[in-house]
Chemist: 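The structure that follows is given in the form of structure tokens.
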Amino acid sequence: MSYAPILAAAFVLWPVMGVLGAQGYGPLLALAALPALALARPKMPPASYALMALAFVAWAAISEIWSPASRGLISGNLLEGNFAIRASSVRIVLTALFGALAVAGALRIATGTAQISTRVMLGAFAVQGLLVAASAVFGDPVVAMIYGPDPMEQAKGFQNIGRNANAFMLVLPILAAYLAARPGWRWKAVAGGVVLASIVVVVQEDSQSALIGAVFMLLAWAIVWLIPRTGYRWLICLMAGYVASAPVLIGFAINLMRQVGISLPGSFQSRAWSWEVVIGKAVEKPFLGHGISASKTWRETYADHPAWLAQLPDFWAAYPVVPGHPHNMALQIWAETGVVGAVLAGLTLVVIAFRLPTPQSLRPDVRYAIAGLVGVVASLFSFSYNVWNDSFWASVILAACAIILLSRRNRASI
């Protein structure tokens with residue numbers, strides 16, 4: 001039994017989940033991971049990066065004890081169709097366990113047995129890209145038709161379009177690297193065209209985090225091309241340093257821009273103000289943090305900050321400065337899990353950096369797919385999601401499994 005067709009079947013549903021708002025990748029990961037129980041065998045001792053990641057997840061779960069956002073583990077009734085896992089700790093632990101199973105299953109795929117499965121996967125990614133492009137052209141009338149005339153409801157539709165664009169950016173490096181590695185300059189031109197078209201589409205959709213993700217992807221490719229021996233270590237250790245120093249680094253950047261007089265676009269300015277509040281929260285409880293998902297309970301509004309409100313329309317007075325979560329995972333880790341969580345997260349990244357093969361030892365398609373994924377994740381990590389968003393992390397894990405599947409495909413011409 002090979003795990004490759006199971007992964008391929010899961011990736012057939014990848015664009016479907018994206019169109020539905022990218023919130024279904026958690027269940028999709030679970031469906032993909034469960035069959036791996038028949039294939040994956042526990043490795044003893046466990047990989048060091050897995051132990052570090054599980055230690056971070058365990059610490060975050062323990063912080064549920066003192067989190068003001070804790071509301072119990074579950075709610076509703078499965079038979080009544082309103083069952084939900086309310087505790088962020090449970091969802092993130094399940095995601096980590098399912099992710100470990102899926103990666104273990106993918107690693108057991110024998111080289112040369114994923115030819116058809118890889119084509120199916122890449123075809124699914126191409127379909128998602130076409131759907132993202134279509135949403136840039138037809139998004140307005142489709143959202144109006146589905147969500148009605150209420151602007152607040154339509155905003156949910158456009159948010160789902162943005163999430164689909166983010167999900168596509170996670171797999172764009174895989175698709176582009178595969179095309180660019182094919183023999184002949186024609187395929188490299190096709191890969192460049194796909195990347196350029198994707199950038200145009202996310203600009204059209206005003207998806208800023210996806211656009212920054214594309215820029216970071218290109219920068220990551222450049223680093224791996226320039227530093228073929230230690231490029232991955234530089235990329236991921238930079239991320240580790242960013243996590244470890246986030247309150248100081250981001251606070252310094254905000255103060256520097258204020259002193260220089262740099263004016264940020266509206267959405268980024270609101271996030272900068274949010275980050276200032278979150279840095280203050282991190283200072284309040286620096287060692288243990290406020291507990292997982294505590295940022296949901298921080299309800300101070302712009303009315304509590306008259307200097308900021310003076311730069312905004314009056315109706316912003318009742319808006320929360322931290323809108324549910326900080327939209328910066330590094331700061332959220334500090335504020336909610338404290339220095340303990342930040343150190344565990346940073347060390348996990350360092351261990352991963354030193355466990356990955358050197359870029360030059362990998363085929364070009366796999367080499368640049370890994371680098372590009374790191375770049376895109378760095379953007380979404382910094383500007384988009386709640387750090388406990390299980391669907392996001394499930395999509396990242398599935399993208400990692402996609403790279404493993406790609407690596408198991410024979411490419412004799414390279």
Side-chain angles (χ1 to χ4, degrees), residues 4 7-8 10-12 14-15 18 106 109 111-136 164-205 207 210-211 213-226 228 231-232 235 357 359-377 379 395-396 398-414:
L7 270 182
F11 285 121
V12 167
W14 176 278
I109 298 172
T111 300
T113 62
Q115 306 299 102
I116 297 175
S117 297
T118 304
R119 292 192 188 100
V120 170
M121 175 189 74
L122 293 168
F125 294 162
V127 168
Q128 186 187 29
L130 292 174
L131 292 172
V132 170
S135 66
N164 189 27
N166 288 343
F168 176 66
M169 292 308 300
L170 287 173
V171 297
L172 174 63
I174 304 170
L175 187 60
Y178 165 79
L179 292 171
R182 298 193 69 175
W185 285 101
R186 179 168 62 96
W187 286 108
K188 290 174 175 55
V190 170
V194 168
V195 172
L196 181 60
S198 300
I199 292 173
V200 171
V201 166
V202 297
V203 169
Q204 181 68 26
E205 293 182 351
S207 180
L211 176 61
V215 174
F216 282 8
M217 175 185 71
L218 296 173
L219 289 174
W221 283 348
I223 289 173
V224 168
W225 180 70
L226 291 170
Y232 292 154
L235 282 174
Q360 66 183 6
S361 69
L362 299 171
R363 286 187 344 219
D365 52 346
V366 178
R367 179 192 315 160
Y368 290 105
I370 293 172
L373 178 61
V374 172
V376 174
V377 170
S379 171
S395 65
V396 172
L398 285 169
C401 290
I403 295 175
I404 297 171
L405 184 63
L406 180 69
S407 72
R408 299 305 192 259
R409 181 176 186 269
N410 280 333
R411 299 199 65 164
S413 57
I414 296 176

Chemist: Show, in sequence, the C-alpha distance, side-chain angles and deciding distance for Asn166 and Ser207, and conclude whether the side chain to side chain contact (heavy atoms under 4.5 Å, CB included) test is met.
Modeler: CA-CA 8 Å; Asn166 288 343; Ser207 180; 3.7 Å; yes
Chemist: Holding to side chain to side chain contact (heavy atoms under 4.5 Å, CB included), I want the full list of residues that pass it with Asn164, two or more places apart in sequence or in another chain.
Modeler: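 Partners of Asn164 under the side chain to side chain contact (heavy atoms under 4.5 Å, CB included) test: Val19, Gln128, Val132.
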Chemist: For Trp187, is there any backbone N or O sitting under 3.5 Å from a side-chain donor or acceptor partner on Arg182?
Modeler: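 Between the backbone of Trp187 and the side chain of Arg182 there is no qualifying donor-acceptor contact (under 3.5 Å).
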Chemist: Nearest heavy-atom pair of Val195 and Trp221: which atoms, and what distance?
Modeler: CG2-CH2, 4.2 Å
Chemist: Could you measure the distance from the CG atom of Asp365 to the CG atom of Leu406? Nearest 0.5 Å is fine.
Modeler: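 Reported value, rounded in 0.5 Å steps: 4.5 Å.
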Chemist: Check for a donor-acceptor pair, side chain of Ser198 on one end and backbone N or O of Val194 on the other, with a separation under 3.5 Å.
Modeler: yes
Chemist: Keeping the roles fixed (side chain from Arg409, backbone from Ala114), state whether a donor-acceptor pair exists under 3.5 Å.
Modeler: no
Chemist: Tell me whether Ile116 at atom CD1 has more than 12 heavy atoms from other residues, nucleotides or ligands lying less than 6.0 Å away.
Modeler: no
Chemist: To the nearest 0.5 Å, tell me how far Leu170 CG sits from Leu398 CG.
Modeler: 10.0 Å
Chemist: Could you tell me the separation between the OH atom of Tyr368 and the CH2 atom of Trp225, rounded to the nearest 0.5 Å?
Modeler: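 Separation between the atoms: 8.0 Å.
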Chemist: Between Asn410 and Thr111, is a side chain to side chain contact (heavy atoms under 4.5 Å, CB included) present by the stated rule, with each step listed?
Modeler: CA-CA 7 Å; Asn410 280 333; Thr111 300; 3.5 Å; yes
Chemist: With rounding to the nearest 0.5 angstrom, report the CG to CG distance, Leu235 to Leu373.
Modeler: 11.0 Å
Chemist: Any non-hydrogen side-chain atom of Met121 less than 4.5 Å from a side-chain atom of Trp14?
Modeler: no
Chemist: Are any of the side-chain heavy atoms of Tyr232 and Leu362 separated by less than 4.5 Å?
Modeler: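 With C-beta onward as the side chain, the pair touches.
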Chemist: Which of these passes side chain to side chain contact (heavy atoms under 4.5 Å, CB included) with Leu122: Val171, Leu405, Ile174?
Modeler: Ile174
